[in-house]
Amino acid sequence: MENIFLDFTSESGIFKDKEVLRPAYIPAYLPHRKKQIKNLAGALSAALKGETPPNIFIYGKSGVGKTATVKYVSTELEAICKKIDSKCAIVYINAEIFDTQYRVFAYLARVFNKRVPMIGWPTDMVYSEFKDGVDAEKRCVIIILDEVDKLASKGDEALYNLSKINSELNNARLCIICISNDVTFMELQKPGVRASLSEETILFPPYDAYQLRDILVDRAEKAFNISVLDDEVIPLCVAFAAQEHGDVRKALNLLRVSGEIADLTKSKKVHVEHVRRAREHIDEGRITEVVKTLPLQSKLILNSVIRLNSEGGKTHLFSGEVYNTYQNICDHLGIESLTQRRVTDLISELDILGLIDARVVNRGRYGRTKEISLIVPTEYVQSALTGEYDEALLSIKQKAESSTA
DNA sequence: CTTCCACGGGAACACTGGGGTG
DNA sequence: CACCCCAGTGTTCCCGTGGAAG
């Protein structure tokens, strides 16, 4: 029998090295970021002279090379430190994953060889463990806090503690690099924290169309075999990305998926048509993924919106109607419904996820509401919802049965 | 000027899953 | 082992508030 993997082993006619297009790939050459690299390197160079580098705040929209630049510069720094035998430790934390004060400190403490459980201790204990760990040696420690805005709401305490930690250290010198997508993030912090964490700030402006093109061409040369790309492919990817405030990550992803589709259809070249299909594919995939991972109650709310759309034929709904329908559905399923207050929050979450558009409107005599409309194709949501819906119902049934038994 | 409805901030609570201690 | 402590999450309760229609 033929091996089932045989089909996949054959050399792709399209790709040379697909990894180059993945978000995790850190290029050795970052076009149009010379200034930022220089500034960052300049600030961090203090570490080499035995001084404490300033805390740095880096901001700019997503996909403009912030993380790539910081990682690139920090690995360079690490290399040179090793060479001149200067003690230096660099820790990278993504605050989207370690998104509370406890988790951040617990992770840091572990990095510095302390045994701390990921849950259970009082926070101040974890904090002092971390401090001891860092202070154990005379060295320069650089902590990179990526996506720091994700930490803000739940863990601004963490930022406060970090901002004043240097005064409590005897041996080590600590430098914090905060990376944020949210431009206004630092302005929202307490003055003391802000001053301390943004001793140096570096702005990453969005790429313009020409710069995007440069980057895409550069990567495409590494990723694809020679001349498999139609001439219009890159300009089209650039055009789509430009709509997304110059997000390179999205552009590269689009390019990769286009190539995959071309590969899959046994096409010898990547055509504009493949890019269009890739875009649809990415859109649908994203929406399906988001809807599927929604908590049950949010799904029910989304379902209410869809139902009102299809039955009432209205595209713009008021929160009152949505809440009523939601309650009906809950009754029908025998689920406890949430309060209006809570539903308001869930609706806002759906808004942030980009599934619906929810604007507060004042309707005078008729009070204040949210005007809600679905902003993604109903079919995508519907299909993602129905699959999960049955499972949810099933589990509810099972729960009911087991509780009566 | 009143009235109306739900927005959205904040406190309080319940619950979970993990600690340490005697 | 029983028991209490702790952070984190999802929720409810309470309530002051916006602002155009009437």
Side-chain angles (χ1 to χ4, degrees), chain A residues 93-110 113-133 145 147-162 184 187-190 290 293-302 304-305 308 312 314 316-331 333-353 355-373 388 392 395-396 399 402-403:
Chain A
I93 308 177
N94 189 324
E96 200 173 12
I97 299 159
F98 299 94
D99 61 349
T100 63
Q101 149 146 274
Y102 186 100
R103 293 210 256 269
V104 168
F105 285 135
Y107 175 75
L108 285 171
R110 287 176 159 215
N113 302 319
K114 292 285 180 179
R115 300 182 64 120
V116 175
M118 284 314 276
I119 188 174
W121 279 10
T123 311
D124 47 350
M125 215 158 127
V126 180
Y127 175 72
S128 64
E129 278 297 297
F130 153 63
K131 216 172 54 192
D132 291 350
L145 261 178
E147 317 249 354
V148 69
D149 36 330
K150 297 279 158 42
L151 221 167
S153 52
K154 285 180 270 181
D156 46 359
E157 196 89 341
L159 289 179
Y160 175 73
N161 284 329
L162 278 175
T184 62
E187 290 164 27
L188 302 175
Q189 298 305 305
K190 285 184 217 143
V290 170
T293 52
L294 241 33
L296 175 64
Q297 301 287 3
S298 298
K299 282 182 189 155
L300 294 177
I301 294 166
L302 205 54
S304 314
V305 173
L308 282 168
K314 283 191 291 181
H316 293 261
L317 312 162
F318 297 119
S319 39
E321 330 175 58
V322 174
Y323 185 67
N324 285 338
T325 331
Y326 158 77
Q327 271 189 319
N328 286 339
I329 295 178
C330 284
D331 279 358
L333 299 179
I335 306 170
E336 298 247 332
S337 61
L338 300 174
T339 53
Q340 192 145 318
R341 176 69 188 85
R342 181 68 189 128
V343 170
T344 309
D345 281 346
L346 292 180
I347 288 175
S348 302
E349 278 171 28
L350 292 175
D351 182 29
I352 291 168
L353 288 171
L355 295 174
I356 62 173
D357 178 51
R359 301 201 328 264
V360 264
V361 286
N362 262 297
R363 296 161 63 226
R365 199 52 249 288
Y366 302 104
R368 193 190 198 197
T369 358
K370 258 184 178 146
E371 204 180 61
I372 299 159
S373 52
E388 296 285 302
S395 78
I396 288 163
K399 240 183 226 167
S402 65
S403 65

Review point. Side chain of A:Y102: nearest nucleotide among C:dT9, C:dA7, B:dG8?
Key: C:dA7

Check your understanding: For A:W121 and C:dA7, is the shortest distance between a side-chain N/O and OP1 or OP2 below 4.0 Å?
Key -> no

Point to revise | Given DNA chain B, 5'-ward residue of the pair A:G364 and A:I372, judged by closest heavy atom | key: A:G364

Review point. With side chains defined as the heavy atoms from C-beta onward, is the minimum distance between A:L162 and A:L145 less than 4.5 Å?
Key: yes

Revision key, fill the gap. The reported gap from CD in A:E96 to NZ in A:K150 (rounded to nearest 0.5 angstrom) is 4.0 Å

Practice item. Using atom CZ of A:F98 as one end and atom C1' of C:dG8 as the other, report the distance to the nearest whole Å. Key: 16 Å

Check your understanding: Rounded to the nearest 0.5 Å, what separation is found between the CZ atom of A:F105 and the NZ atom of A:K114?
Key -> 15.5 Å

Exercise for review: Could you check which of B:dG10, B:dA6, C:dG22 has an atom nearest any side-chain atom of A:R341?
Suggested key: B:dG10

Study note, to complete from the structure: note: A:R103, atom CZ; C:dG8, atom C1'; distance rounded to Å ~ 7 Å

Exercise for review: State the CD1-CZ distance between A:I301 and A:R342, to the nearest 0.5 angstrom.
Suggested key: 8.5 Å

Point to revise | Closest listed nucleotide, where the reference is the side chain of A:N362 and the choices are B:dG19, C:dG18, C:dC6 | key: C:dG18

Review point. So which nucleotide from C:dA7, B:dA6, C:dG18 ends up closest to the side chain of A:T369?
Key: B:dA6

Revision key, fill the gap. Between CZ of A:R365 and P of B:dA6 the distance, given in whole Å, is 13 Å

Exercise for review: Using atom OH of A:Y127 as one end and atom C1' of C:dA7 as the other, report the distance to the nearest whole Å.
Suggested key: 18 Å

Practice item. Check whether any side-chain N or O of A:T344 sits under 4.0 Å from OP1 or OP2 of B:dG8, and answer yes or no. Key: no

Point to revise | Whole-Å distance separating the CG atom of A:N324 from the C1' atom of B:dC5 | key: 12 Å

**Study point:** Under-4.0 Å side-chain N/O to phosphate OP1/OP2 contact, A:T100 with C:dA7
**Key:** no

Point to revise | Partner of A:S298 under side-chain contact (heavy atoms from CB on, under 4.5 Å), chosen from A:L294, A:L296, A:L300 | key: A:L294

Exercise for review: Specify the separation, in whole Å, of atom CD of A:E321 and atom P of B:dC5.
Suggested key: 14 Å

Review point. In whole angstroms, how far is the P atom of C:dC6 from the CD atom of A:Q101?
Key: 15 Å

Check your understanding: At under 4.0 Å, does any side-chain N or O of A:Y323 touch on OP1 or OP2 of B:dC5?
Key -> no

Review point. Whole-Å distance between C:dT12 C1' and A:R342 CZ?
Key: 10 Å

Study note, to complete from the structure: Of the candidates C:dG22, B:dG8, C:dT12, the side chain of A:S348 sits closest to B:dG8

Check your understanding: Are A:F130 and A:V116 close enough that some pair of their side-chain heavy atoms sits under 4.5 Å apart?
Key -> no

Exercise for review: Determine: side-chain N/O of A:T339 to OP1/OP2 of C:dT11, distance under 4.0 Å, yes or no.
Suggested key: no

Practice item. Please determine if a side-chain N or O atom of A:K370 lies less than 4.0 Å away from the OP1 or OP2 oxygen of B:dG8. Key: yes

Exercise for review: Please state whether the phosphate of C:dG18, meaning OP1 or OP2, lies under 4.0 angstrom from any side-chain nitrogen or oxygen of A:R368.
Suggested key: no

